[in-house]
Amino acid sequence: AQKITQTQPGMFVQEKEAVTLDCTYDTSDQSYGLFWYKQPSSGEMIFLIYQGSYDEQNATEGRYSLNFQKARKSANLVISASQLGDSAMYFCAMTSPETGNQFYFGTGTSLTVIP
Amino acid sequence: GAGVSQSPRYKVAKRGQDVALRCDPISGHVSLFWYQQALGQGPEFLTYFQNEAQLDKSGLPSDRFFAERPEGSVSTLKIQRTQQEDSAVYLCASSLVMGDQPQHFGDGTRLSIL
């Protein structure tokens, strides 16, 4: 079974600083995908970044990068140069063909950016 | 519209009533997913469609929950004889094809059962 663990219920970061949100996963599948989503207080889930299990390079999308350590089964999200608009819930998720491509989500991390 | 559209945005019902939640996915998206998100939790999978075929309904909590996508586009999640524990946000997501594709989510329907 797939499992996603996010151990940081809440995080604070100073504006313009970088922050790392932790995510570890557990799977026996060889092929899988890892995703990060942002959920502002308005409720929509916004796709941020994707990492495939066979990708050798860490994914980057603008200010977002994914620190993928396959042997440790971790997929931490790094947000550089934090902005006030980054304050939101962040969810790590994984999927695999063996499980029908449904997403398994962690419990989320609430990020607050302090001016 | 360009994104996944869900309606209603908010729904309040009395315990025992039936409710129907609608999802209009992104045009051309083959895969459609329903998730339930309880307060303070991550979304949990309910069911999955590929076109009109419901390929996985293992996450539906009881036989009171029913989902359909008869023409392979719009989907409806129906909850019969609602209970207070059904109160949650119901999220719909769609993706272009199966595989490692990002799922694009709607704004959700916040369901409150009194």
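Per chain, numbering begins at 1; letters A, B, ... match sequence-line order.
Under a hydrophobic-cluster definition in which Ile, Leu, Val, Met, Phe, Trp and Tyr are linked whenever side-chain heavy atoms come within less than 4.5 Å, directly or via other members, A:Y90 and A:V113 are assigned to the same cluster. B:L60 and B:L91 fall into different hydrophobic clusters, defined by Ile, Leu, Val, Met, Phe, Trp and Tyr side-chain heavy atoms under 4.5 Å apart, directly or through other members.
Residues passing the side chain to side chain donor-acceptor pair (under 3.5 Å) test with B:S75, sequence neighbours excluded: B:W34. Legend: residues meeting salt bridge (charged side-chain N to carboxylate O under 4.0 Å, His left out) with A:K73, ordered by chain and number and at least two apart, are A:D26.
Atom CZ of B:R15 has 12 or fewer heavy atoms from other residues, nucleotides or ligands within 6.0 Å. Heavy-atom contacts from other residues, nucleotides or ligands closer than 6.0 Å to CD of A:Q8 number more than 12.
Two residues are said to be in side-chain contact when any heavy atoms from C-beta on lie closer than 4.5 Å; B:Q37 and A:F91 meet this criterion. Within the 4.5 Å cutoff, no side-chain heavy atoms of B:P43 are placed close to those of A:Y37.
Annotation: the span from A:F35 atom CZ to B:Q103 atom CD amounts to 7.5 Å, rounded to 0.5 Å. With values rounded to the nearest 0.5 angstrom, A:T95 atom OG1 is found 10.0 Å from B:F45 atom CZ. Taking CG of B:D107 as the start and CE of A:M45 as the end, the distance is 12.0 Å to the nearest 0.5 Å.
Contact annotation for A:Q39: only side-chain heavy atoms (C-beta onward) come within less than 4.5 Å of a heavy atom of chain B.
Between B:F105 and A:F103, the angle of the ring planes lies from 30° to 60°, which puts this pair in the tilted group.
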